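These notes concern the structure reproduced below.
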Amino acid sequence: MGVATNNQKSKKHPLKLWISLAAFIVFIIIILLFLQPWRKINEVQVNTLQLSEQQVKKYANVEKHTPYWRVAGQTAFIAHHIIQQDKRIDAATVTLHNDQVIIDVVEKIKAGYVQKKGQWFVINRQGKLNKVGKPNGDAPTYSGFKSEKDIQIVGQQFVVLELTLRQNISQIIFSPNKDNHKRLEVVMNDGNMVYATLDTFGKKISFYPGIVAQMPKKGVIDLQFGAYSYAYGSQNNTPASKSKKSK
């Protein structure tokens with residue numbers, strides 16, 4: 001009886017061994033199918049504003065022909081690494097789609113500066129205020145605002161403008177009147193003045209480059225209830241250059 005029992009046990013052990021070996025092989029196959037070491041990244045698309053595409057690729061350590069397995073399952077880690085590499089980066093996301101890597105970078109953009117009770121504050125892209133020593137000229141100054149919420153509304157619209165347009169804005173002044181209780185005066189670095197409305201500032205200011213290109217002289221671009229311009233010294237109701245843009 002003892003010999004028979006031992007023979008039965010010896011037969012069971014090879015069976016367990018084969019089952020374990022088969023499970024291991026299946027596991028290896030699954031890993032290989034997931035990592036696909038033979039595959040390469042064919043394209044890296046970078047969406048950014050001021051940082052160069054090559055710089056972001058360097059931060060991510062991902063280029064064309066990078067092994068697929070170095071990105072698969074690692075997108076969150078790569079995005080976190082990108083953020084750590086540069087203080088100018090606010091957020092980043094990395095997406096792997098087939099053999100294409102898409103990197104979206106959100107940069108820290110200053111919406112402007114505002115002074116309250118003698119203290120200067122920098123406005124971030126969310127419209128929140130943080131104390132600073134003084135403005136350094138890299139973003140417009142805000143004045144006349146009575147509400148921090150209104151500063152936030154304007155700041156959030158400002159940060160999504162094109163870089164060249166942002167760089168051309170010197171001051172944003174809240175100056176309500178009887179016709180428009182949300183009026184803004186926007187002083188431009190090129191010598192022009194813009195009248196806008198707080199809620200539609202970001203949308204309307206995008207018309208600015210096209211209108212200015214048609215202006216023979218420096219003047220005022222009125223974007224409050226339409227979009228038109230007139231030269232300094234002329235009457236407001238006789239614009240020197242009209243635009244067909246509407247509200």
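It should be emphasised that the depicted structure is a prediction, and the values quoted were computed from it without experimental measurement.
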Can you see which heavy atom on [X] is nearest to which on [Y], and at what distance?
X: Tyr68; Y: Asn98; result: CE1-O, 3.3 Å
X: Tyr142; Y: Ala111; result: OH-O, 2.7 Å
X: Pro140; Y: Ile169; result: CB-O, 3.5 Å
X: Arg125; Y: Val106; result: CZ-CG1, 3.5 Å
X: Lys64; Y: Val44; result: N-CG2, 4.0 Å

Inset, instruction - Check step by step if side chain to side chain contact (heavy atoms under 4.5 Å, CB included) holds for Phe174 and Leu184. - result: CA-CA 5 Å; Phe174 187 68; Leu184 300 177; 3.8 Å; yes
Legend entry - With Ile78, the side chain to side chain contact (heavy atoms under 4.5 Å, CB included) member among Val71, Val101, Asn61: Val71
Inset, instruction - Among Asn47, Thr48, Ile82, find the residue that satisfies the side chain to side chain contact (heavy atoms under 4.5 Å, CB included) test when tested with Ile103. - result: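 Per the side chain to side chain contact (heavy atoms under 4.5 Å, CB included) rule, the option paired with Ile103 is Ile82, out of Asn47, Thr48, Ile82.
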Heavy-atom side-chain contact between [X] and [Y] under 4.5 Å:
X: Lys218; Y: Tyr232; result: yes
X: Asn124; Y: Val122; result: no
X: Arg70; Y: Val62; result: no
X: Trp69; Y: Gln74; result: no
X: Lys110; Y: Asn136; result: yes
X: Val154; Y: Ile151; result: no

Do [X] and [Y] have side-chain N/O donor and acceptor atoms under 3.5 Å apart?
X: Tyr230; Y: Asp222; value: no
X: Glu185; Y: Ser175; value: yes
X: Asp138; Y: Tyr113; value: yes
X: Gln54; Y: Glu63; value: yes

Legend entry - Atom NZ of Lys108: over 12 foreign heavy atoms under 6.0 Å: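 Yes - once you tally the heavy atoms of other residues, nucleotides and ligands closer than 6.0 Å, there are more than 12.
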Legend entry - Atom NZ of Lys217: over 12 foreign heavy atoms under 6.0 Å: no
Inset, instruction - Following the transitive rule for hydrophobic clusters with a side-chain heavy-atom cut-off under 4.5 Å over Ile, Leu, Val, Met, Phe, Trp and Tyr, establish whether Ile102 and Ile41 coincide in one cluster. - result: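 No, it is not one cluster - the side chains of Ile102 and Ile41 are not joined through contacts under 4.5 Å.
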Legend entry - Joint hydrophobic cluster, Leu223 plus Phe201, side-chain heavy atoms closer than 4.5 Å: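 Yes, Leu223 and Phe201 fall within the same hydrophobic cluster.
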Measure the spacing between [atom1] of [X] and [atom2] of [Y] and express it to the nearest 0.5 Å.
X: Leu129; Y: Trp120; atom1: CG; atom2: CH2; answer: 12.0 Å
X: Phe158; Y: Ile123; atom1: CZ; atom2: CD1; answer: 9.5 Å
X: Lys149; Y: Leu198; atom1: NZ; atom2: CG; answer: 10.0 Å
X: Asn180; Y: Tyr195; atom1: CG; atom2: OH; answer: 11.5 Å
X: Ile211; Y: Ser206; atom1: CD1; atom2: OG; answer: 9.0 Å
X: Thr200; Y: Lys203; atom1: OG1; atom2: NZ; answer: 8.0 Å

Inset, instruction - Using a strict cut-off of less than 4.0 Å between a Lys/Arg side-chain nitrogen and an Asp/Glu carboxylate oxygen, indicate whether Lys40 and Asp99 qualify as a salt bridge. - result: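 No, no charged N to carboxylate O under 4.0 Å.
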Legend entry - Salt-bridge criterion met for Lys116 and Glu148 (N-O under 4.0 Å): yes
Inset, instruction - Quick one: do Met188 and Val194 satisfy side chain to side chain contact (heavy atoms under 4.5 Å, CB included)? Show the steps, please. - result: CA-CA 7 Å; Met188 309 299 288; Val194 175; 4.0 Å; yes
Spell out, as yes or no, whether a donor-acceptor pair under 3.5 Å connects the side chain of [X] to the backbone of [Y].
X: Gln157; Y: Gly202; value: yes
X: Gln119; Y: Val132; value: yes
X: Gln100; Y: Leu96; value: no
X: Asn189; Y: Gln167; value: yes

Inset, instruction - In sequence, state the C-alpha distance, the side-chain angles, and the governing distance for Ile221 and Met193, and then conclude on side chain to side chain contact (heavy atoms under 4.5 Å, CB included). - result: CA-CA 6 Å; Ile221 295 88; Met193 169 73 76; over 6 Å; no
Inset, instruction - Please lay out, stage by stage, how Glu162 and Arg166 fare under the test salt bridge (charged side-chain N to carboxylate O under 4.0 Å, His left out). - result: CA-CA 6 Å; Glu162 291 185 1; Arg166 295 201 312 267; over 6 Å; no
Inset, instruction - Measure up the Phe77 and His81 rings against each other and bin them: parallel (under 30°), tilted (30 to 60°), perpendicular (over 60°). - result: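 If you compare the ring of Phe77 with that of His81, the planes turn out parallel.
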Inset, instruction - Apply side chain to side chain contact (heavy atoms under 4.5 Å, CB included) to the pair Val46 and Tyr59, showing each step before the final yes or no. - result: CA-CA 12 Å; Val46 177; Tyr59 292 154; over 6 Å; no
Inset, instruction - Apply the side-chain hydrogen bond (donor to acceptor under 3.5 Å, both in side chains) test between Lys182 and each candidate in Asp199, Asp150, Thr197; give the one that qualifies. - result: Asp199
